[in-house]
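Data block below; observations after.
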Amino acid sequence: MTPSGVRHPREPVVRAYAAATSCAQGETLEFRLDTSATVGVTVHDVTSDRLVLADSVRGPEWTLRVPETWPSSLYRARFTPGPPETGMPVPRATGDLPGTGTSADDEVYFVVRQAVPGSASPILVSIPFTTWQAYNRAGVPGESVYWTEQPDRAARVTFDRPGGGPPPERWEDGLLRWLGPAGYTVEYCSGLDLEPGLLSAYRLLVVNGHDEYWSAPMRDACEDFARRGGNIAFFSGNTCWWQIRMEGRTMVCHRDPLADPVDDPALTTVEWSSAPVDRPENALTGVSFRNGAGVWGPSMALMREESYTVRFAGHWVFEGTGLTDGDKFGQGALGYETDAAEFEEVLGVPRVTCRDGTPSSFVVLATADLRHWSAYGQGGWATMGLFTRGRGTVFNAATVNWGNTLHDPVVDRITRNVLDRLSRPARTEWEVVGPVADLRALAASGRTLYAVSTDGVLLTRELCGQNLRWRPIGSGGGVLCLDAPREAAGGLATGLYGVTPAGVLRHRPDTQEPADWADVGRVPPDTVALAVNDSTFFAATSRGRLWALPFGDLARTGPSPWRDAGDSGGAVALSGSNGSLYALGAGHRVRTRPAAAAPAAWTDLGEAPGATVLAAHAGRLVSAGAGRSLRWRPAAGPWI
């Protein structure tokens with residue numbers, strides 16, 4: 001050994017590998033050594049550098065019985081000729097460029113899983129062993145699936161060989177070493193462990209660093225986890241880019257559909273978005289390296305110069321950061337590969353196109369224009385964002401180096417916001433989805449929101465979670481409240497219906513272009529709020545009464561056709577959806593009752609803080625108020 005403790009390249013090396021990438025507390029793990037001599041072994045917790053074992057063992061096989069007291073974590077076993085060398089800590093990131101180094105053959109990395117999954121933490125952190133193995137011996141003919149364009153790359157690599165630890169850049173290091181000191185207890189698994197039975201024990205799955213190679217069972221399990229209400233945080237980039245197959249301990253990745261002999265085309269080992277798989281990873285991650293950027297080789301240092309730009313500072317992800325739209329943050333986090341969703345600018349706000357497979361619920365939180373990287377690798381973008389998949393929420397930082405910039409206070413705060421919110425028990429809250437605007441009426445029709453401003457202008461924007469600006473489209477027709485029917489009936493068309501202070505019921509088409517308003521009838525005196533549901537108008541008056549009028553009775557002559565439907569729930573704003581009425585009343589309380597043309601009891605749901613207008617549509621409630629941002633929340637679920 002040299003005085004610094006660094007191994008001289010001519011010194012003998014004990015080459016080793018493990019029979020599995022993980023085992024549970026209290027279980028055993030088999031190691032294979034290339035010698036039958038007695039050698040030293042040390043085991044360190046990678047996340048803390050804590051030495052947990054120093055012993056002498058005899059090859060060529062050694063069985064480690066993992067104590068039940070070892071916390072779930074990532075560990076490194078290091079083998080040396082002679083006695084164990086306890087003074088050799090786990091290597092840190094070297095700063096080397098990709099491919100210029102390999103994981104040492106005398107080091108074996110493995111995960112210890114929690115014996116009872118979820119018993120110590122609701123957060124599960126996955127370790128990307130498949131990606132590490134893909135890069136093992138990169139550039140050596142027939143030994144690695146790299147480099148991509150080289151004809152002598154391997155199509156099949158085995159885990160039964162030395163190496164296969166983290167590449168020299170160690171993209172995962174930063175987050176793994178930050179979690180404990182930051183106050184987070186988490187549990188760990190190998191990416192190969194991702195299956196429904198394990199995931200069901202957790203509320204949040206964390207994917208970190210560079211996790212590029214996924215099998216169909218891994219992906220299926222994670223998508224099902226989110227659909228059923230689990231959350232996923234991708235603090236990673238170039239995620240789920242290649243499909244692999246595991247055949248025992250062999251990882252298969254042909255990269256070429258013509259060379260892959262698999263019978264099922266859905267399991268062909270190509271890019272997930274490529275034929276014949278045609279399953280863009282965006283459905284799992286929200287983003288893709290197809291639209292992302294990469295900078296490699298000597299130019300990789302450029303990543304240290306790049307930053308994200310905030311595009312939705314009002315979102316909960318940015319709480320406590322002090323950032324505003326247009327601010328830069330996270331310098332150095334964007335490298336060396338990033339992911340992105342295709343988007344278009346709508347009045348200066350990004351909105352995903354969904355043409356690339358990104359879900360329509362994806363909300364762009366920050367962007368980085370990296371198209372100039374085309375001179376150094378791959379030009380494109382980075383888009384940080386999140387989306388809903390079933391009952392779950394998926395966040396994506398969209399870069400491999402996020403965890404290594406956690407010394408940045410803003411990166412630290414964003415990470416805490418994501419971990420704290422997505423790991424706690426499920427609850428529904430009002431979320432900001434749009435800018436502050438002074439509105440006196442609000443309604444939803446299809447995928448479009450309509451509003452009348454306090455100065456009488458009709459406004460419109462898409463009904464979505466992105467912070468889109470309102471666009472004026474003409475006169476608000478003098479109405480003080482709005483709603484829209486789901487379908488035409490009784491001779492009345494779909495569109496916007498509103499009430500003027502003089503008690504006139506007015507209509508205009510729900511086009512997003514200028515159109516005229518037409519008078520179609522009268523409403524009860526002192527009407528302040530209007531709802532439409534099941535081909536029936538409901539009018540709430542300032543005197544606290546609710547009146548109902550079926551569409552077919554609107555043209556009836558003689559005495560007022562409106563029927564007393566009971567008290568109004570104190571409504572100052574009213575909306576109808578899916579057989580229910582929703583009333584916003586005193587104290588900004590929201591109440592609901594069946595949309596029946598007869599008296600019925602109201603049920604208190606909770607508060608819509610600061611709200612003065614309310615709309616219900618497609619399972620959501622949308623609210624706004626003077627000096628308040630546009631917000632939404634699911635109509636069902638516990639109110640916070």
Side-chain angles (χ1 to χ4, degrees), residues 6-22 31-35 46 59-60 74 76-80 90-111 127-173 190-192 209-215 238 241-256 259-260 269-271 294 296-298 300 336-337 400:
V6 177
R7 178 176 297 283
H8 190 282
R10 287 192 297 272
E11 292 182 8
V13 172
V14 178
R15 295 174 175 83
Y17 63 89
T21 55
S22 74
F31 291 80
R32 310 284 192 265
L33 285 60
D34 71 344
T35 178
V46 172
L74 176 65
R76 182 208 65 171
R78 181 171 179 269
F79 297 89
T80 55
V90 179
R92 299 291 186 97
T94 66
D96 290 342
L97 301 180
T100 60
T102 59
S103 179
D105 285 353
D106 59 358
E107 294 183 336
V108 181
Y109 287 78
F110 63 96
V111 161
I127 301 297
F129 283 98
T130 54
T131 300
W132 291 358
Q133 194 60 252
Y135 280 84
N136 189 8
R137 289 162 168 72
V140 179
E143 290 290 321
S144 170
V145 300
Y146 281 95
W147 299 108
T148 304
E149 300 297 328
Q150 293 179 341
D152 57 0
R153 69 181 185 271
R156 302 166 62 87
V157 293
T158 178
F159 279 78
D160 289 337
R161 59 178 178 160
E169 310 85 39
R170 307 183 79 88
W171 303 112
E172 291 74 36
D173 259 16
S190 162
L192 292 169
H210 191 192
D211 200 343
E212 185 177 358
Y213 290 79
W214 288 58
S215 69
N238 192 215
W241 179 243
W242 292 102
Q243 176 166 223
I244 61 168
R245 291 194 310 277
M246 291 301 301
E247 297 178 358
R249 293 271 291 166
T250 297
M251 185 173 77
V252 180
C253 188
H254 286 271
R255 299 180 183 262
D256 180 356
D260 194 337
T269 54
V270 293
E271 296 163 355
W296 304 296
M300 193 174 95
Y336 69 125
E337 292 176 337
V400 300

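Index from 1, following the sequence.
Side-chain contact between V14 and D34: present, with at least one pair of heavy atoms (C-beta onward) separated by less than 4.5 Å. Counting only heavy atoms from C-beta outward, the side chains of E271 and W241 approach each other to under 4.5 Å. Counting only heavy atoms from C-beta outward, the side chains of F79 and T35 never approach each other to under 4.5 Å. Side-chain atoms of I127 and S190, non-hydrogen and from C-beta on, never get closer than 4.5 Å to each other. The side-chain heavy atoms of H210 and Y135, taken from C-beta on, include a pair separated by under 4.5 Å. For the pair R156/V252, a side-chain contact is recorded, criterion being any heavy-atom separation below 4.5 Å from C-beta on. Residues D105 and R137 meet the side-chain proximity criterion, which asks for heavy atoms closer than 4.5 Å.
Note that R255 lies in the cation-pi zone of Y146, set by a 6.0 Å cut-off to the ring centre and a 45° limit from the axis.
Checked by atom type and distance alone, the side chain of T130 never pairs as donor or acceptor with a backbone atom of W214 at under 3.5 Å. Side chain of R249 to backbone of T158: no donor-acceptor contact under 3.5 angstrom is found. The backbone N or O of T269 sits less than 3.5 Å from a side-chain atom of D260, completing a donor-acceptor pair. Without hydrogens or angle criteria, S144 side chain to A134 main chain gives a donor-acceptor distance under 3.5 Å. Side chain of R76 to backbone of V46: no donor-acceptor contact under 3.5 angstrom is found. Remark: the backbone N or O of V13 is not paired with any side-chain donor or acceptor of D106 at under 3.5 angstrom. Formation of a donor-acceptor pair under 3.5 Å by the E143 side chain with backbone atoms of N136 is not found in this model.
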Worked verdict on F159 versus Y17 for side chain to side chain contact (heavy atoms under 4.5 Å, CB included): CA-CA 8 Å; F159 279 78; Y17 63 89; over 6 Å; no
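Using bins of under 30°, 30° to 60° and over 60° for the plane-to-plane angle, the ring pair Y109/W132 lands in the perpendicular bin. The aromatic rings of W242 and Y213 sit parallel to each other, their planes meeting at less than 30°, with 60° as the upper class boundary.
Here CD of Q133 is found 12.5 Å from SG of C253. Values are rounded to the nearest 0.5 Å. Put simply, CZ on R245 and OG on S215 are 11.0 Å apart, with the number rounded to the nearest 0.5 Å. Annotation: the span from M300 atom CE to E337 atom CD amounts to 10.0 Å, rounded to 0.5 Å. We find the OG1-CD1 distance between T131 and I244 to be 8.0 Å, quoted to the nearest 0.5 Å. We find the CZ-CZ distance between F110 and F31 to be 4.5 Å, quoted to the nearest 0.5 Å.
Heavy atoms of other residues, nucleotides or ligands lying less than 6.0 angstrom from CD of E247 number more than 12.
Minimum interatomic distance between W147 and A138 (heavy atoms only, all atoms of both residues): CZ2-CB, 3.7 Å. Residues D173 and P91 come closest through the heavy atom pair OD2-O, 3.9 Å.
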